[in-house]
Protein chains: 2
Amino acid sequence: MAKDNIDLSTEEKIKEAARKVFTQKGYAATRTRDIVQEAGINLALLNYYFRSKEKLFEIIMFEKVQQLFGIILPILNEPSTTLEVKLQKIASTYIDMLIQNPDLPLFVLSEIRNNPEQFGDKLQLTKVINESVLIKQLKEKKPDLNPLHFLFNILGLTIFPFIAKPVFGAAQTFNEEMFVSIVNERKKLIPIWLASMLT
Amino acid sequence: MAKDNIDLSTEEKIKEAARKVFTQKGYAATRTRDIVQEAGINLALLNYYFRSKEKLFEIIMFEKVQQLFGIILPILNEPSTTLEVKLQKIASTYIDMLIQNPDLPLFVLSEIRNNPEQFGDKLQLTKVINESVLIKQLKEKKPDLNPLHFLFNILGLTIFPFIAKPVFGAAQTFNEEMFVSIVNERKKLIPIWLASMLT
DNA sequence: GTCTATAAGGGGATAGAC
DNA sequence: GTCTATCCCCTTATAGAC
């Protein structure tokens with residue numbers, strides 16, 4: 001059990017455990033027994049509260065999609081901040097959130113890939129982003145560049161280190177605090193790099 | 001069956017099918033029955049040739065890791081090309097390969113994450129890259145910037161669109177040829193952006 | 001609401017005929 | 001080498017007592 005959440009309701013204990021196990025192992029590799037053990041309860045209770053593994057997963061998945069993409073939408077649509085300020089805010093808030101939730105991007109992107117019609121299509125992310133204030137500002141500044149490039153750049157520079165992290169291994173070459181210190185540096189660097197792409 | 005590879009040996013038919021199914025669904029979600037159906041043979045033959053699902057997976061996985069990372073190592077260590085030429089080559093060959101194998105990055109990164117000790121640590125990727133000619137050239141040009149930033153940037157700008165692709169959905173907003181055309185543009189753009197980070 | 005016991009089926013692996 | 005039939009464990013889900 002994570003930290004013996006003895007104060008939480010049973011339903012919330014199961015959700016908390018499910019968040020942890022699903023994001024770490026993915027849907028297919030997760031056993032309901034892993035979740036109930038992590039939650040400190042028994043199998044029957046999971047089905048009593050959530051009917052099935054699949055239904056529980058959908059609930060967690062929608063939460064996690066929201067957590068990954070919902071966080072930047074308000075910034076994208078701020079009406080009065082400049083482009084530069086938006087870029088700083090996106091990099092900064094995103095990296096802070098990802099330091100707390102390093103497994104989030106690989107989990108969400110993998111599961112969306114496994115089930116695009118259920119989780120990807122209804123997002124209409126391209127549409128929402130394309131109509132955002134940020135994209136309007138980009139089009140003014142660089143009318144010749146497809147704004148999708150810029151979107152890939154912001155997200156790629158910010159998210160990719162967290163996706164690639166396991167590759168660099170727990171080997172001596174690389175430890176946790178080094179990683180955190182580097183991505184923290186990137187909060188300042190990414191907006192500078194992105195700005196230089198716009199000149 | 002993919003394209004009725006009636007000319008291939010049974011062993012190769014199984015590997016071909018395994019490559020396809022494993023990369024599409026991941027280890028945990030793959031059923032050995034999916035593989036043998038794709039290969040057009042029966043369950044017993046898979047075990048006859050490869051002993052177990054796990055052993056077959058290891059073989060495919062090492063191939064795929066090699067495919068994803070092996071491709072850039074020669075370029076990283078070219079002794080006589082300039083930094084700028086290396087960046088062009090990396091972006092170009094990488095994107096060409098990824099257009100042919102769009103599922104590769106998400107698959108490899110997910111599976112390494114699920115089993116870092118088996119697949120990630122022994123790569124010693126950080127070590128190999130840190131000792132490369134490219135990194136030496138970077139240190140000369142920008143001694144104050146941790147070269148890891150640059151590595152994340154090259155790979156992030158190149159790979160991320162392929163990882164994020166399913167998110168943008170098969171919805172009307174986004175189709176396959178649009179995607180290919182955009183990442184093809186990036187073969188030219190990424191080296192320019194990276195160069196501007198070095199000035 | 002919570003538990004134990006168990007049903008029902010899926011999925012990896014093998015026996016043994018050809 | 002290849003096949004069919006089958007074993008048996010593991011996993012999800014439910015029945016039914018408390």
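Letters A, B, ... mirror the listed sequences (proteins, then strands); counts begin at 1.
As rounded to whole Å, 15 Å separates atom C1' of D/dT11 from atom CD of A/Glu54. Rounded to a whole Å, the CZ atom of B/Arg31 is 11 Å from the C1' atom of D/dT11. Rounded to whole Å, the distance from NZ on A/Lys25 to P on D/dT11 is 9 Å.
In the 5' to 3' direction, nucleotides of DNA chain C lying under 4.0 Å from heavy atoms of chain B begin and end at C/dG11 to C/dA15.
If you check every strand for non-hydrogen atoms under 4.0 Å, B/Leu46 touches nothing. Contact annotation for A/Tyr49: backbone-only contact, meaning every heavy-atom pair under 4.0 Å involves sugar-phosphate atoms and none involves a base. Nucleic acid contact for A/Arg51: sugar-phosphate only, since backbone atoms but no base atoms lie under 4.0 Å from a heavy atom of the residue. If you check every strand for non-hydrogen atoms under 4.0 Å, A/Ser9 touches nothing.
Every residue meeting the side-chain hydrogen bond (donor to acceptor under 3.5 Å, both in side chains) condition with B/Lys64, not counting sequence neighbours, appears here in chain and number order: B/Gln67. B/Asn146 is linked by a side-chain hydrogen bond (donor to acceptor under 3.5 Å, both in side chains) to nothing, counting only residues two or more places apart in sequence or in another chain.
For B/Lys142 and B/Phe150, the positive end is not near the middle of the six-membered ring at less than 6.0 Å and at most 45° from its axis.
Taking the six-membered ring for Trp, A/Phe50 and A/Phe57 have ring centres at least 6.0 Å apart.
Side-chain N or O atoms of B/Ser132 include one that pairs as donor or acceptor with a backbone N or O of B/Ile129 at under 3.5 Å.
In this pair, B/Phe22 and B/Tyr27 present their aromatic rings parallel. The plane angle is below 30°, not in the 30 to 60° band.
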